[in-house]
Amino acid sequence: MTLKFNAVSTIAFAVLLTGCYTNHGVTQEIEKWENLGWEFVETIGASRPDAVYMSHVTSSSASSVKASSHTNEQGHYSKTYQQKSQQFLIVSMGHEANGNFSLVFSKPKS
């Protein structure tokens with residue numbers, strides 16, 4: 001019984017460890033928003049595989065929205081999106097030791 005438990009534990013640990021080094025969090029966020037009708041546009045900043053969701057912002061009445069990133073290596077960068085025919089959604093992803101980046105989505109204005 002101990003041998004069986006150790007083998008199962010080892011396999012579970014290996015799967016967990018492998019999962020920690022994928023872009024699973026970013027992939028999940030993109031899939032979540034695409035399932036809600038948003039189209040992924042681009043990433044602002046350097047995507048990190050171990051980043052976590054921090055916040056999101058969108059406004060159908062604002063004339064523009066701003067996406068930004070901040071990392072120790074690249075400093076601060078931002079990009080403004082004009083909302084003429086498209087509405088934009090900015091999803092902030094972060095990492096405690098290395099700053100943040102943004103996932104940008106759009107959909108036609110209604």
**Student:** Apply salt bridge (Lys or Arg N to Asp or Glu O under 4.0 Å) to Lys109 and list each qualifying residue two or more places apart in sequence or on a separate chain.
**Tutor:**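 If we apply the salt bridge (Lys or Arg N to Asp or Glu O under 4.0 Å) test to Lys109, skipping adjacent residues, there are no hits.
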**Student:** Going by side-chain contact (heavy atoms from CB on, under 4.5 Å), name the residues that satisfy it together with Lys79, two or more places apart in sequence or in a different chain.
**Tutor:**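 side-chain contact (heavy atoms from CB on, under 4.5 Å) list for Lys79, sorted by chain: Glu42, Ile44, Tyr77, Tyr81.
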**Student:** Please answer: with hydrophobic residues joined when any side-chain heavy atoms are less than 4.5 Å apart, are Met54 and Phe101 in the same cluster?
**Tutor:**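 In one cluster: no.
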**Student:** Of all residues at least two apart in sequence or in a different chain, which pass the side-chain contact (heavy atoms from CB on, under 4.5 Å) check with Ala62?
**Tutor:**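 side-chain contact (heavy atoms from CB on, under 4.5 Å) list for Ala62, sorted by chain: Ser59, Gln83.
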**Student:** Under 3.5 Å, which donor-acceptor pairs do the side chains of residues 84-94 form with other protein atoms, sequence neighbours left out?
**Tutor:**
{"from": "Gln86", "atom 1": "OE1", "to": "Ser106", "atom 2": "OG", "distance (Å)": "3.3"}
{"from": "Gln87", "atom 1": "NE2", "to": "Thr58", "atom 2": "OG1", "distance (Å)": "2.9"}

**Student:** Test question: given the 4.5 Å side-chain rule for I, L, V, M, F, W and Y, name all other residues clustered with Val52, or answer none.
**Tutor:**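 When side chains under 4.5 Å apart are linked, Val52 ends up in no cluster with other residues.
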**Student:** Between Leu103 and Val26, is there a side-chain heavy-atom distance shorter than 4.5 Å?
**Tutor:**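 Sidechains of Leu103 and Val26: in contact.
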**Student:** Mind checking the NE2-CG spacing from His70 to Asn100? Nearest 0.5 Å is all I need.
**Tutor:**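 One gets 8.0 Å once the value is rounded to the nearest 0.5 Å.
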**Student:** Does one hydrophobic cluster hold both Ile30 and Val41, with members joined at side-chain heavy-atom distances below 4.5 Å?
**Tutor:**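 No, separate clusters.
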**Student:** Among all residues two or more places apart in sequence or in another chain, which pass the ring pair (Phe, Tyr, Trp, His ring centres under 6.0 Å) test with Phe40?
**Tutor:**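 For Phe40 the ring pair (Phe, Tyr, Trp, His ring centres under 6.0 Å) partners, ignoring immediate neighbours, are Phe105.
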**Student:** Not counting sequence neighbours, which residues clear salt bridge (Lys or Arg N to Asp or Glu O under 4.0 Å) with Glu31? List them please.
**Tutor:**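 Applying salt bridge (Lys or Arg N to Asp or Glu O under 4.0 Å) to Glu31 gives none.
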**Student:** So, the side chain of Ser69 versus the backbone of Ser102: is there a donor-acceptor pair under 3.5 Å, distance only?
**Tutor:**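 No, because the side chain of Ser69 does not come within donor-acceptor range (under 3.5 Å) of the backbone of Ser102.
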**Student:** With sequence neighbours excluded, what pairs up with His56 under the side-chain hydrogen bond (donor to acceptor under 3.5 Å, both in side chains) test?
**Tutor:**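 Testing His56 for side-chain hydrogen bond (donor to acceptor under 3.5 Å, both in side chains), a comparison that skips the adjacent residues, returns Tyr53.
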**Student:** Name all residues meeting the salt bridge (Lys or Arg N to Asp or Glu O under 4.0 Å) criterion together with Lys32; count only those two or more places apart in sequence or in a different chain, and write none if there are none.
**Tutor:**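 Per chain and number, Lys32 pairs via salt bridge (Lys or Arg N to Asp or Glu O under 4.0 Å) with Glu29.
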